[in-house]
**Q** 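Attaching a single structure in structure tokens format; questions to follow.
Here is how names work: the chains are called A, B, and so on, in the same order as the sequence lines, proteins then strands, and each is numbered from 1.
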Number of protein chains: 2
Amino acid sequence: MIPYELKWTMKSGSDAFSRKLGTYLPLDADELGILQRLANPRTIFSAGREIAQEGQNDHAAYILHDGWACSYKRLHDGGRQVINIQIPGDFLGLRSLLLRSSDQNLVALTPVEVSQVYPERLLEMFSTAPRLAMAWLWAASRDEAMIVEHLVSLGRRDALARTAHFFLELGARMKLIERGTADGYACPLSQSMLADALGITAIHLNRVLRQLRESGLLVFRDSTVTFLDRKRLAEIADFDLSYLDHGTAAKD
Amino acid sequence: MIPYELKWTMKSGSDAFSRKLGTYLPLDADELGILQRLANPRTIFSAGREIAQEGQNDHAAYILHDGWACSYKRLHDGGRQVINIQIPGDFLGLRSLLLRSSDQNLVALTPVEVSQVYPERLLEMFSTAPRLAMAWLWAASRDEAMIVEHLVSLGRRDALARTAHFFLELGARMKLIERGTADGYACPLSQSMLADALGITAIHLNRVLRQLRESGLLVFRDSTVTFLDRKRLAEIADFDLSYLDHGTAAKD
DNA sequence: CGCGCTCTTGACTAGGGTCAAGTGCAGTGG
DNA sequence: CCACTGCACTTGACCCTAGTCAAGAGCGCG
């Protein structure tokens, strides 16, 4: 299998995080400067590295600049529930900043590049750059809306619809940061990780993926998602991307 | 059946919202004054009244001072998934404040008393009362942590554990606002509402409730939850209330 | 070469959904 | 006072989705 890294479209250059906040409201040079300072210095975690643990109280929050990460919780029986998958431009562990201890685990799924978020600098930003603060809170609200939609999937969609929904959402997010097209995107997730996100077993996910493939809907193979029939997928998944709150979202 | 209103323990008096923020950090007279102004004027919605609708862009957010409400999303097939149940002291629709349109519906489950949250006054507070802003963001983070735990329930707990977990969590929240004890609390939820929160059918919830009752674990009857064996319930549910982030949480 | 990991598939099982019927009560109108 | 309606709740019978168990294939790596 081709190592994931070789397949990235490395058009990062401009910062995914700034670009994301910029979709909420246009940022001026001063504001972009503040963001630049928040986005440095950078730290690298290698793939598989645990970035934060549930119960820790070191209040580790980051901005993810490159690579994929995910947040999850563990149950006492050893089960794992993935809360969210994070891609470049996303927050990591933001919710835990003000809580006494982290409510989740964070792990790097590929090599990642992050910058740490410090509560003091954040509070300072809230008073000196209120527009930026609004954009920040908007992004946090949007993250929460994604978690809520994930909750709806787990509660009310069957395995097929859930899987279709997941890939469609991720596709929309990837497209927003210019790492994907309407046809597909690179996706370095293992089936077991995906299954733990979707609340089904890896075995059943495998069956669902086969069904999606054989129905001519979607192919997930070699760490790549290829949409074959987005329209029908969206119908099956009851997918409506308005919760992603893309201001200028394309219709497809 | 006894009307729900008659059974409230009306010890409100001091404001549930102020008390909640106060558990994060002690508030001084100035800060309490600001909160008082945010908590007025009050609006009443009668039971069953829809407070906000998904897709609306009137940015309606409230603080719930009295009564119960819930937030939910609808699927195209008519299905409903309850996101969260709100009790006095909770936010309503806070996440939708900065989004272009509300990502959820809000409905009053009992008569409720709310005060509206205005974005301008909120931003003002962030610059003039940073400690209050932190407490506010803490409360919002805690709400999100509850949603995440709900997501874990839907993804990885079976119907029995899910139901037990729900009642335990709600019990801890009720106790925090002094509307419940270690033995139980008043709970004006219909079985169908509860089922839509737990991601199961009302019929199956009914079977689960019977099982809980017959196993001597918990009784939910006449809008009242009575714990019979909290210890065993907590084991079954894999319940650990640290995500609720009660600073001084009692151990029981 | 063999270990370990991810992925794949089949056979069987069980948790929870669906369908259907029925109970108990509150409210309404005769 | 008593039908009648409507809603929330209850229970049983049956079925299907997804979990469990088991075996094997493909591949990277020491």
Side-chain angles (χ1 to χ4, degrees), chain A residues 1-6 47-48 75 77-82 107 109-110 153-164 166 187-215 218-225 236-237, chain B residues 1-7 47-48 75 77-82 109-110 153-164 166 187-215 218-225 236-237:
Chain A
M1 202 178 289
I2 306 167
Y4 174 72
E5 284 76 5
L6 300 181
L75 300 175
D77 67 4
R80 176 176 62 174
Q81 176 63 49
V82 168
V107 63
L109 300 176
T110 68
S153 266
L154 295 179
R156 285 285 173 243
R157 281 189 257 258
D158 64 18
L160 187 71
R162 229 181 269 184
T163 308
F166 180 89
C187 175
L189 300 175
S190 70
Q191 287 188 15
S192 71
M193 187 62 69
L194 209 46
D196 283 343
L198 296 174
I200 56 181
T201 57
I203 295 177
H204 192 61
L205 173 65
N206 188 279
R207 294 191 273 247
V208 169
L209 289 176
R210 173 158 47 131
Q211 196 184 336
L212 285 169
R213 196 183 330 123
E214 291 175 353
S215 313
L218 175 151
V219 176
F220 175 50
R221 182 168 277 168
D222 299 336
S223 300
T224 304
V225 175
I236 290 169
Chain B
M1 202 176 292
I2 307 166
Y4 174 70
E5 285 75 6
L6 299 182
K7 298 166 56 199
L75 299 175
D77 67 5
R80 177 176 62 174
Q81 177 63 50
V82 169
L109 300 176
T110 68
S153 267
L154 296 179
R156 286 285 174 244
R157 281 189 255 259
D158 65 18
L160 186 71
R162 230 181 269 184
T163 308
F166 180 90
C187 174
L189 300 175
S190 69
Q191 287 188 13
S192 69
M193 187 63 71
L194 209 46
D196 283 343
L198 298 174
I200 56 180
T201 58
I203 294 176
H204 193 61
L205 173 65
N206 189 280
R207 293 192 272 246
V208 168
L209 289 175
R210 174 160 44 134
Q211 195 184 334
L212 285 169
R213 196 184 329 123
E214 291 176 352
S215 314
L218 174 151
V219 176
F220 175 50
R221 181 169 278 169
D222 299 334
S223 299
T224 304
V225 174
I236 290 170

**Q** Distance check needed: dC27(D) P versus Arg221(A) CZ, whole Å only.
**A**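 After rounding, the gap between these two atoms is 12 Å.
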**Q** Once you round it to whole Å, what is the distance between P of dA18(D) and CG of Leu198(A)?
**A**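 Atom-to-atom, Leu198(A) to dA18(D), this comes out as 11 Å.
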**Q** Give every residue pair that meets the salt bridge (Lys or Arg N to Asp or Glu O under 4.0 Å) criterion with at least one member in residues 187-213 of chain B, sequence neighbours excluded.
**A**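 Every pair satisfying salt bridge (Lys or Arg N to Asp or Glu O under 4.0 Å) with a residue in residues 187-213 of chain B: Arg156(A)-Asp196(B), Arg80(B)-Asp196(B).
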**Q** Mind checking what makes ring-ring contact (aromatic ring centres under 6.0 Å, His included) contact with Phe220(B), not counting sequence neighbours?
**A**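 Residues passing ring-ring contact (aromatic ring centres under 6.0 Å, His included) with Phe220(B): Phe167(B).
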**Q** For DNA chain C, find the residues of residues 202-214 of chain B with a heavy-atom distance under 4.0 Å and give them by number; none if there aren't any.
**A**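 Hits under 4.0 Å, by residue number: Ile203(B), His204(B), Arg207(B).
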**Q** My understanding is that only residues two or more places apart in sequence, or in another chain, count here; which of them pass side chain to side chain donor-acceptor pair (under 3.5 Å) with Ser190(B)?
**A**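 Testing Ser190(B) for side chain to side chain donor-acceptor pair (under 3.5 Å), a comparison that skips the adjacent residues, returns Ser192(B).
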**Q** Output the rounded distance in Å from CZ (Arg157(B)) to P (dG15(C)).
**A**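 The distance from CZ of Arg157(B) to P of dG15(C) comes to 18 Å, rounded to the nearest Å.
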**Q** Rounded to whole angstroms, how far apart are CZ on Arg156(A) and C1' on dA18(D)?
**A**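 Result: 17 Å.
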**Q** Provide, to the nearest angstrom, the distance between the CE atom belonging to Met193(B) and the P atom belonging to dC7(D).
**A**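 Spelled out: CE on Met193(B) to P on dC7(D) is 14 Å.
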**Q** Taking atom OG1 of Thr163(B) and atom CD1 of Ile200(B), what is their separation to the nearest 0.5 Å?
**A**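 So the gap between those two atoms works out to 4.5 Å.
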**Q** Could you give the CG-to-P distance, from Asp196(A) to dT6(C), as a whole number of Å?
**A**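 Between P of dT6(C) and CG of Asp196(A): 11 Å.
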**Q** Got a sec, which residues hit side chain to side chain donor-acceptor pair (under 3.5 Å) with Gln191(A), two or more places apart in sequence or on another chain?
**A**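 Expected list: Asn206(A).
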**Q** Rounding to an integer number of Å, can you tell me how far Asp158(A) CG sits from dT18(C) P?
**A**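 Checked: the CG to P distance equals 11 Å.
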**Q** What is the separation between atom CD1 on Ile200(B) and atom P on dT10(D), rounded to the nearest whole Å?
**A**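 It works out to 13 Å between those atoms.
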**Q** Any side-chain heavy atom of Arg162(B) within less than 4.5 Å of one from Leu154(B)?
**A**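 A side-chain contact under 4.5 Å exists here.
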**Q** Checking the side chain of Asp222(B) only, and the main-chain atoms of Thr224(B) only, is there a donor and an acceptor separated by less than 3.5 Å?
**A**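 No.
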**Q** Can you tell me if the side-chain N/O atoms of Thr201(B) get under 4.0 Å from OP1 or OP2 in dG17(C)?
**A**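 Checking dG17(C) against Thr201(B), a side-chain N or O does come within under 4.0 Å of OP1 or OP2.
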**Q** Taking only the side-chain nitrogens and oxygens of Gln191(B), find out if one of them lies under 4.0 Å from OP1 or OP2 of dT10(D).
**A**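 Checking dT10(D) against Gln191(B), a side-chain N or O does come within under 4.0 Å of OP1 or OP2.
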**Q** Of the non-hydrogen atoms in Pro188(B) and Thr110(B), which two are nearest, and what is the gap between them?
**A**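 For Pro188(B) and Thr110(B), the tightest heavy-atom pair comes out as CG-CG2, 3.6 Å.
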**Q** Find the bend of the helix from dC1(C)-dG30(D) to dG30(C)-dC1(D) as the angle between its two terminal axes (five pairs each), to the nearest 10°.
**A**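 Roughly 30° between the end axes, to the nearest 10°.
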**Q** Holding to side chain to side chain donor-acceptor pair (under 3.5 Å), I want the full list of residues that pass it with Arg157(A), two or more places apart in sequence or in another chain.
**A**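 Checked Arg157(A) against side chain to side chain donor-acceptor pair (under 3.5 Å); matches are Glu149(A), Ser153(A), His165(A).
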